[in-house]
Amino acid sequence: MLTGYHWLYVAAVAAVGLASVARTAFYYLLRYFTDDVLGSGTLGSGALGSGTLGSGALGSTTAVSRLPWVALGFIGLALFQGGFSFFSGRWAAETAEGSTRRLRDYLYDHIQRLSFAYHDKTPTGELIQRATSDVDALRRFYADQAIGAGRISLLFLVNFTALLTLNTRLALISVVLIPFVLATSVWFFRKVSQLYEEFQEQEAKLSTTLQENLSGIRVVKAFARQAYEKDKFERDNFERYRRGKRLLIMHAVYWPSTDILVFAQLILGYFVGAVMAINGTITVGTFLAYLGMVSMIAWPLRQLGRLIVDMSTGIVSFGRVVAIIREDREPLDVGQHQPTDPLRGEVRFEQVCFGYEGEGETAVILHDISFHCQPGQVVALIGSTGAGKTSLVNLLPRFYDYSSGSITLDGVELRDYSRRYLRQQMGIVQQEPFLFSRTIRDNILYGVGRSVSDAEVEDAARAAAIHDVILTFPNGYNTLVGEKGVTLSGGQKQRVTLARTLLQNPRILILDDATSSVDMETEAVIREALETLLPGRTTFIIAHRIQTVMAADLILVMDKGRIVQSGAHEELMATQGTYRRIFNLQSQIEDELEQDLARVSG
Ligand code: UTP
Ligand code: MG
């Protein structure tokens with residue numbers, strides 16, 4: 001996770017170490033100053049009392065001459081410590097910012113490469129939460145907590161070693177309660193980790209609710225469900241508040257409980273130190289240095305406890321981010337077969353079965369699908385909603401993989417092609433059109449891997465019967481779509497996505513209900529344009545209107561995941577079955593409509 005920043009981070013920790021060495025050296029200098037400069041210089045002999053201090057006058061000339069050096073020493077150490085603290089902070093921040101920036105980039109790239117199946121089962125809000133809030137917790141972890149823990153551990157080590165050289169007994173007494181502080185911290189660490197994880201989960205749920213309500217705002221308003229959605233949001237929000245409060249209370253309990261331990265430790269050390277100084281076991285300078293050093297042990301340790309507890313957030317977030325990273329990417333480039341000749345577009349399905357992965361058992365959605373189409377043919381799929389038409393065509397670009405049977409493209413098993421190649425060869429107009437908040441031109445150009453002239457863009461738009469509409473917009477092709485620009489109607493969106501796919505000039509064209517939101521007249525225009533464009537490319541058309549599918553070479557009538565009828569229009573009309581029933585029904589409705597219209601206008 002720190003790749004590329006390892007050394008900078010090591011440097012940051014080293015700088016922090018040097019700064020803490022300087023800090024400790026400061027107390028050594030203080031001892032030297034007190035005992036050898038201020039005091040008589042008789043180390044170890046001095047009983048505490050005015051006599052000892054006063055006797056310093058004996059060697060006053062040498063002592064005074066040493067004063068500037070001592071002062072220089074203090075200044076030097078302060079500069080040294082300040083400088084290294086500064087660099088350590090800077091480098092740690094750089095590591096944190098840099099590595100999380102990269103992590104965010106990586107996560108985004110990774111998330112968009114995960115399989116359809118993963119995205120089907122993962123709420124968007126959850127992913128957003130992990131890519132933002134959790135990554136930020138990691139940033140804090142690197143910027144403050146980890147470096148802080150490093151600094152404090154080093155401070156502790158350096159000061160403890162220094163204390164040991166000062167006076168072993170005193171040093172050991174100064175840390176007797178430390179294990180208790182650490183044990184308490186670890187216990188709280190576990191608690192806080194768990195609470196924080198619950199908190200993050202709830203927050204992710206809240207983001208999901210928010211995100212879903214906002215994208216579904218029209219539905220919410222249409223059904224006048226604002227009050228219901230508000231209640232739902234408030235419930236989720238309250239739960240977040242409750243969990244947040246539990247987390248805070250846990251912190252609030254933790255702080256004083258370790259503070260008491262640390263205080264007890266300090267007082268114990270002071271007391272023993274003072275007694276030793278009075279008894280003359282140690283000098284006043286040693287005692288002064290001890291006071292400084294012991295506070296450099298105790299307070300950092302208290303800090304360390306807090307950091308350990310705070311680090312739980314970073315560690316939990318780390319786990320949540322890693323869980324995404326562990327997910328396998330959809331391998332785009334796996335698959336040996338990469339023909340150099342253009343695809344001919346012969347497709348053969350043989351007893352294909354397929355089901356979406358779900359919790360536990362996967363229900364079979366497509367049963368025994370078999371059909372064959374020649375290069376350049378038009379295959380139409382028709383059937384009731386939920387029959388499996390979209391599922392069937394989604395197998396072609398390998399959005400999902402079939403579980404049994406075989407699909408061959410130009411005689412080669414689909415699994416042997418790389419996904420990237422298949423998707424480059426296939427153009428899909430999806431059932432739910434989606435446009436980015438960019439200009440119309442950018443939307444049409446989306447995914448075209450070659451340079452395209454304006455004339456070509458316009459031709460594609462003409463074929464999709466959207467060119468004239470685009471010209472009526474204020475900025476024509478440069479009109480922004482979405483929040484900051486025009487909002488397109490459903491049919492207009494569909495036609496822009498159709499133009500986008502046509503411009504891609506794919507060998508295999510898949511139109512999933514591509515004209516469902518378009519009026520009959522416009523549809524006829526599109527159909528005509530398509531007829532001139534279609535020759536040479538295999539086309540799959542999913543539609544509900546018989547007129548759209550009539551001209552197809554092969555019509556597959558689907559019901560409940562099976563092909564119940566297949567053949568050309570005439571064949572299907574010649575036999576009793578679903579197709580003829582749909583045809584008669586639609587013709588009847590149209591006749592009635594025409595009669596009604598005639599009556600109204602007549
Ligand atoms: P389809 O989406 O393939 O049906 O779903 P369809 O024929 O295209 O229907 P319309 O005309 O667009 O409405 C077939 C079945 O697969 C399930 C659906 O519940 C449906 O029963 N399904 C679909 C999933 O389980 N998961 C999905 O991601 C999509
Ligand atoms: Mg569908």
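Just so you know, ligand 1 is whichever comes first in the structure, and atom 1 is the first atom listed for that ligand.
Interface atoms of ligand 1 facing H544, defined by a heavy-atom separation under 4.0 Å, are 11 (O). Atoms of ligand 1 lying under 4.0 Å from any heavy atom of Q431, numbered from 1 in the order shown and given with element: 10 (P), 12 (O). Those atoms of ligand 1 with a heavy atom of I365 less than 4.0 angstrom away are 14 (C), 15 (C), 16 (O), 17 (C).
A cation-pi geometry, defined here as NZ or CZ lying under 6.0 Å from the six-membered ring centre and within 45° of its normal, does not hold between R329 and Y118.
Considering backbone and side-chain N/O of T385, one or more are found under 3.5 Å from N/O of ligand 1. Every N/O-N/O distance between L392 and ligand 1 stays at or above 3.5 Å.
Counting protein heavy atoms only, atom 20 (C) of ligand 1 is closest to G386 O, 4.0 Å. The protein non-hydrogen atom at the shortest distance from atom 24 (C) of ligand 1 is Y356 CD1, 3.0 Å.
Between Y400 and Y356, the gap from one ring centroid to the other is short of 6.0 Å. The six-membered or imidazole ring of Y402 lies away from that of F354, with a centre-to-centre distance of 6.0 Å or more.
Side-chain atoms of Q547 never come within 3.5 Å of backbone atoms of A524 as a donor-acceptor pair (strictly under, hydrogens ignored).
Scanning G388, G383, S391 for the heavy atom closest to atom 4 (O) of ligand 1 points to G388. Residue K389 holds the heavy atom nearest to atom 11 (O) of ligand 1 of all those in H119, K389, K121, E357.
Ring planes of F238 and Y241: tilted class, angle from 30 to 60°. Using the six-membered ring where Trp is involved, Y106 and H110 have ring planes that are parallel, under 30° apart on the 30 and 60° scheme. Classification of the F371-F349 ring pair by plane angle, with boundaries at 30° and 60°, yields parallel.
The nearest pair of heavy atoms linking Y142 to S99 is CD1-OG, 4.0 Å.
With respect to E456 and R450, a salt bridge is recorded, a charged nitrogen being found less than 4.0 Å from a carboxylate O.
Within 6.0 Å of CD on E234 lie more than 12 heavy atoms contributed by other residues, nucleotides or ligands.
Inclusion of T390 in the first shell of the Mg ion (ligand 2) is supported: an N, O or S atom falls under 2.8 Å. Distance check for S391 against the Mg ion (ligand 2): none of its N/O/S atoms falls below 2.8 Å.
With a heavy-atom cut-off of 4.0 Å, D120 touches ligand 1 through its side chain alone. Contacts between T390 and ligand 1, counted as non-hydrogen atom pairs separated by less than 4.0 Å, involve both the backbone and the side chain.
Taking a distance limit of 4.0 Å, we find that atom 14 (C) of ligand 1 is approached by some protein heavy atom.
Within the structure, the closest approach of M558 to ligand 1 does not fall below 4.0 Å when heavy atoms are considered.
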